Amino acid sequence: MKKERAQRVMPRQDGKVAIVTGGGRGIGYEVVRHMARLGAHVIIGGRDEHEGLAAVRRICEEYKEAKVEFKKLDLASLQSVHQFVQSFKERHLPLNILVNNAGVMLVPEGHTKDGFEQHFGVNYLGHFLLTWLLLETLKDSGKSGQFSRVVNVSSSAHRIGKIRLNDLNSYQCYSSHAAYCHSKLAQLLFSSHLHQEMQHGGFPVSSCAVDPGMVDTALYRHLWTPLRLAQRTIAHLLLRTPAEGAATVLYAALSPALEGECGGGYWANGCREMTTALTSEPQLQLSLWQTSLQLVGLQ
């Protein structure tokens, strides 16, 4: 398997504020840790308070000057997303970087608190609402030469995903693997459409999607038991470490080379990559966007 290239040296991020969902462990933790080391004020948005606070302690022990904190955010609850954003906005902080990283994979069939299929609800719809509610702050925080950035952590699995607008919750035929792939395709369509909307509107915000590769994280805990045992055995040989997986995410979020019109797109292995024609289909992007607004009660 192709390993991630070495971590690039990124500029200082003093004065910038970032939100990283699922930043208590795995890739998200490494993203938060690296941003904090560069001087950014980083807010971890996560469901597990114990895990999030432990992550904050570890980072602050490693970097005494780190500005990092944990705030409760359950992406399986639209109410929780609203509460998180309201709490953030009350502080009148800027928002320069939003990393939509949290996710679930291969979970048993089930639904979020609002009745959405879990992969679709957590991986995509919760992040869609979070981004939408923070969009004005992102716009206000960006400026020419220093765009605000939205980074959506996706997966190559989107390539075999499908968007059925009349069955986004996979009621007709459920497969946890298919549901995961569908949710990642939805995330990519949203990422691309958001970038186009921001560019057409002249707003200083860019949006991109990143595939961190196959990374040795807790996402694999729902694998069929024999496969999970095999995965644990060969993980060090075939899978990237969370730090390696975080490399392209950090590049997309921080690199001066992706400033302004150079941002956007789909990134993997530290490079911009082509993806399926479906992800750039304008009508599908727009239809999903409008449907999503309706589902979260914004239209």
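One-based numbering along the sequence shown. All values derive from a computational prediction rather than experimental measurement.
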Under a 3.5 Å threshold, yes or no: a donor from one side chain and an acceptor from the other, between E69 and H41? yes

Measuring centre to centre across the rings, with the benzene-like ring taken for any Trp, is F190 within less than 6.0 Å of H127? no

Could you check whether any side-chain N or O of N96 sits under 3.5 Å from a backbone N or O of S148, counting only pairs where one atom can act as donor and the other as acceptor? no

So, taking the atom named CG in D140 and the one named CG in L95, what distance separates them when rounded to the nearest 0.5 Å? 10.5 Å

Donor-acceptor side-chain pairing of T131 and N100 below 3.5 angstrom: yes

Is the backbone of F116 close enough, under 3.5 Å, to the side chain of D114 for a donor and an acceptor to pair up by distance? no

Would you say the side-chain atoms of K184 and Q187 include a donor-acceptor pair closer than 3.5 Å? yes

Would you please classify the geometry between the Y174 ring and the H119 ring as parallel, tilted or perpendicular, with 30° and 60° separating the classes? tilted

Hydrophobic cluster membership, L254 vs V99, 4.5 Å side-chain cutoff: yes

Tell me whether R25 is salt-bridged to E51, with the criterion being a basic N under 4.0 Å from an acidic carboxylate O. yes

Just to verify, what does E62 make a salt bridge (charged side-chain N to carboxylate O under 4.0 Å, His left out) with, not counting sequence neighbours? R33

Pairwise side-chain contact, F147 with V205, heavy-atom cut-off 4.5 Å (strictly under): no

Within the side chain of S280, is there an N or O that forms a donor-acceptor pair under 3.5 Å with the backbone of A277? yes

Look only at the side chain of S175 and the backbone of A178, and say whether a donor-acceptor pair between them is shorter than 3.5 Å. yes

Mind jotting down which residue pairs meet the ring-ring contact (aromatic ring centres under 6.0 Å, His included) criterion with at least one end in residues 82-113? Sequence neighbours excluded, please. H111-Y171

For S287, is there any backbone N or O sitting under 3.5 Å from a side-chain donor or acceptor partner on Q290? no

W289 CH2 to S192 OG distance, which is reported to the nearest 0.5 Å: 10.5 Å

Main-chain N/O of H50 paired with D48 side-chain donor or acceptor, under 3.5 Å: yes

How about S176 and E109: does a side-chain donor come under 3.5 Å of a side-chain acceptor? no

Would a distance-only check, ignoring hydrogens and angles, find a side-chain to backbone donor-acceptor pair under 3.5 Å from T248 to G270? yes

Can you tell whether the side chains of E259 and R149 come within less than 4.0 Å, N to carboxylate O? yes

Spacing of CZ belonging to R164 relative to NZ belonging to K162, to within rounding of 0.5 Å: 7.0 Å

Spatial distance of atom CD1 (I97) from atom NZ (K16) [nearest 0.5 Å]: 5.5 Å

Check whether the side chains of S292 and Y124 place a donor and an acceptor atom closer than 3.5 Å, and report yes or no. yes

Would a distance-only check, ignoring hydrogens and angles, find a side-chain to backbone donor-acceptor pair under 3.5 Å from T279 to L189? no

Do N152 and S191 get their side chains close enough for a donor-acceptor pair, meaning under 3.5 Å? yes

Could you check if a side-chain atom of L98 sits within less than 4.5 angstrom of a side-chain atom of V151, using non-hydrogen atoms only? no

D211 side chain to A268 backbone, donor-acceptor under 3.5 Å: no

If we count only N and O atoms by modelled type, under 3.5 Å, do the side chains of H158 and T275 hold a donor and an acceptor together? yes

May I ask you to test the R47-L75 pair for a side-chain heavy-atom distance under 4.5 Å? no

Spell out, as yes or no, whether a donor-acceptor pair under 3.5 Å connects the side chain of S87 to the backbone of Q83. no

